[in-house]
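A quick write-up on the structure given underneath.
Positions are given from 1 along the sequence. Side chains are part of it too, since the values below use all heavy atoms of this structure and drop only hydrogens, waters and symmetry mates. All values reported here derive from a predicted model rather than from experimental measurement.
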Amino acid sequence: MEFFNFHTHQTTNQPNVLELVNQYPQDFEASIPFYSIGIHPWYITEDRIDDDLKIIEDKLQTENCLAIGECGLDKRIEVQLELQISVFEKQLILAEKYKKPVVIHCVAAFQEVIAIKKKMKISVPMIIHGFSKNDQVAGQLIKEGFYLSFGKYLLRNPELKTVFEQVPDDRFFLETDTIEETIEQVYNLASEYKNINIKELQEIISSNYKSVFE
């Protein structure tokens, strides 16, 4: 593995890239080599929650399923927050049961996610994907034991450079999510921001991969 793409919605099948492809219970694609699977807060359907959780639990027991998610909380959608929290917590119970890390979608709900982690005493790694916030939020999340994954906003928002520079080397991942750019492009910018070469960055990500996924 030269490159690890922590979160993507499309497979590129490059031999030098390990991709953690996001999957949904109802649209499962068995041919994808490595994936995460979860109920995204945008796609919560009340009469299907139990069925979705059964599918997720089944997949979590396979070697190809590296993580649960993306799942989490989003205060900018119409789905009731109480329902989102209930679905999120049920997935965290499965994550603990099967010792799988969690890919988290979080919009305007960082305090709630932190509180849930504490309340449920979650021991598996929790990774906020697509991080785009300021130093203060990043620092609080790291202090509470979260990892941060950077991608789209790192490329789009130059102000994120100072945030990324200060994230400890043992607490971050890189991703493409839904953008057109390649994971290599994200690595190139990240290595520039961290003032290290690509090989050093690859070693950091590889070490973080082992800590979280092995």
message = Walk me through whether L73 and V113 qualify under side chain to side chain contact (heavy atoms under 4.5 Å, CB included).
response = CA-CA 7 Å; L73 305 177; V113 168; 3.9 Å; yes
key: Pair K119-E89, salt bridge (charged side-chain N to carboxylate O under 4.0 Å, His left out): steps then yes or no   = CA-CA 10 Å; K119 179 187 80 173; E89 289 183 346; 2.6 Å; yes
key: Y35 vs T11, side-chain hydrogen bond (donor to acceptor under 3.5 Å, both in side chains): CA-CA, chis, key distance, verdict   = CA-CA 10 Å; Y35 61 89; T11 314; over 6 Å; no
message = For a side chain to side chain contact (heavy atoms under 4.5 Å, CB included) check, start with the C-alpha distance between F164 and F172, then their side-chain angles and the critical distance, and finish with the verdict.
response = CA-CA 9 Å; F164 181 67; F172 74 86; 3.8 Å; yes
request  = Might you work through the side chain to side chain contact (heavy atoms under 4.5 Å, CB included) test for I93 and M120, ending with a clear yes or no?
outcome  = CA-CA 8 Å; I93 289 166; M120 295 181 69; 3.7 Å; yes
key: L201/D169 under side chain to side chain contact (heavy atoms under 4.5 Å, CB included): CA gap, chis, key distance, verdict   = CA-CA 9 Å; L201 179 59; D169 285 351; over 6 Å; no
request  = Take Q185 and T182 through the test side-chain hydrogen bond (donor to acceptor under 3.5 Å, both in side chains) and record every step on the way to the result.
outcome  = CA-CA 5 Å; Q185 287 171 278; T182 65; 3.3 Å; yes
inquiry  = K161 vs E192, test: salt bridge (charged side-chain N to carboxylate O under 4.0 Å, His left out). Steps then yes/no.
reply    = CA-CA 10 Å; K161 176 178 189 272; E192 184 186 313; over 6 Å; no
message = Does K75 form a salt bridge (charged side-chain N to carboxylate O under 4.0 Å, His left out) with E112? I'd like the steps, not just the answer.
response = CA-CA 10 Å; K75 283 191 181 172; E112 287 84 353; 2.5 Å; yes
ask   = Where do E57 and K97 land on the salt bridge (charged side-chain N to carboxylate O under 4.0 Å, His left out) test, with the steps shown first?
value = CA-CA 9 Å; E57 182 160 18; K97 181 177 178 181; 2.8 Å; yes
task = Begin with the C-alpha distance, continue with both residues' side-chain angles, and end with the deciding distance and a verdict on side-chain hydrogen bond (donor to acceptor under 3.5 Å, both in side chains) for S123 and E96.
result = CA-CA 7 Å; S123 65; E96 283 288 309; 3.0 Å; yes
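Atom CD of E63 is surrounded by 12 or fewer heavy atoms from other residues, nucleotides or ligands within 6.0 Å. Atom NZ of K210 sits in a sparse spot, with 12 or fewer heavy atoms from other residues, nucleotides or ligands closer than 6.0 Å. Environment of CG in N16: crowded, with over 12 heavy atoms of neighbouring residues, nucleotides or ligands closer than 6.0 Å. When the shell of 6.0 Å around CD of Q61 is examined, it contains more than 12 heavy atoms from other residues, nucleotides or ligands.
Side-chain contact between R156 and I179 is present, with heavy atoms from C-beta onward closer than 4.5 Å. No side-chain heavy atom of L83 sits under 4.5 Å from any side-chain heavy atom of I85. In this structure, the side chains of V87 and L53 stay at 4.5 Å or more apart for every pair of heavy atoms. Side chains of C65 and F34 form no contact here, defined as non-hydrogen atoms less than 4.5 Å apart. Between H105 and W42 the shortest side-chain heavy-atom distance falls below 4.5 Å. The shortest side-chain heavy-atom distance between E70 and H9 falls under the 4.5 Å cut-off. Under the 4.5 Å side-chain criterion, counting only non-hydrogen atoms from C-beta, C71 is not in contact with I39. Considering only heavy atoms from C-beta on, E203 comes within 4.5 Å of K199 through its side chain.
In this structure, CZ on F28 lies 13.0 Å from CG on D52, to the nearest 0.5 angstrom. Atoms CD1 and CD, on I49 and Q91 in that order, are 9.5 Å from each other to the nearest 0.5 Å. With rounding to the nearest 0.5 angstrom, the CE atom of M1 is 4.5 Å from the OG atom of S206. The CZ atom of F3 sits 8.5 Å away from the CD1 atom of I183 when rounded to the nearest 0.5 Å. The OG atom of S149 sits 10.0 Å away from atom CG of L154, with the distance rounded to the nearest 0.5 Å. Between I68 atom CD1 and L92 atom CG the span is 7.5 Å, to the nearest 0.5 Å.
The only option from T8, N5, T12 that meets the side chain to side chain donor-acceptor pair (under 3.5 Å) definition with E19 turns out to be T12.
For the pair K133 and F110, the cation-pi criterion (under 6.0 Å, within 45° of the ring axis) is not fulfilled. Taking the centre and axis of the six-membered ring of F146, the NZ or CZ atom of K117 falls inside the cone set by 45° and 6.0 Å.
Note on V107: it does not cluster hydrophobically with I128, by side-chain heavy-atom contacts below 4.5 Å among ILVMFWY residues.
The minimum heavy-atom distance linking A67 with L60 is given by the pair O-CD2, 4.2 Å. Closest of all the heavy-atom pairs between P25 and G38 is CD-O, 3.3 Å. Heavy-atom minimum distance, I142 versus P168: CD1-CD, 3.6 Å. In terms of heavy-atom proximity, V186 sits nearest to E175 at CG2-O, 3.6 Å. Residue Y193 comes nearest to E165 through the heavy atom pair O-CG, 3.3 Å, listed as atom of the first residue, atom of the second, then distance. Shortest non-hydrogen contact noted between L174 and A190 is CD1-CB, 3.7 Å.
Aromatic rings of F4 and F173 (six-membered ring for Trp) have centroids within the 6.0 Å cut-off, being under it. Checked against the 6.0 Å centroid criterion, the rings of Y43 and Y24 qualify as a close aromatic pair. Ring pair F131/Y153: centre-to-centre distance not below 6.0 Å.
Using a cut-off of 4.0 Å between Lys/Arg side-chain N and Asp/Glu carboxylate O, E144 and K118 are scored as salt-bridged.
The closest donor-acceptor contact from the side chain of T62 to the backbone of D58 lies at 3.5 Å or more, if one exists at all.
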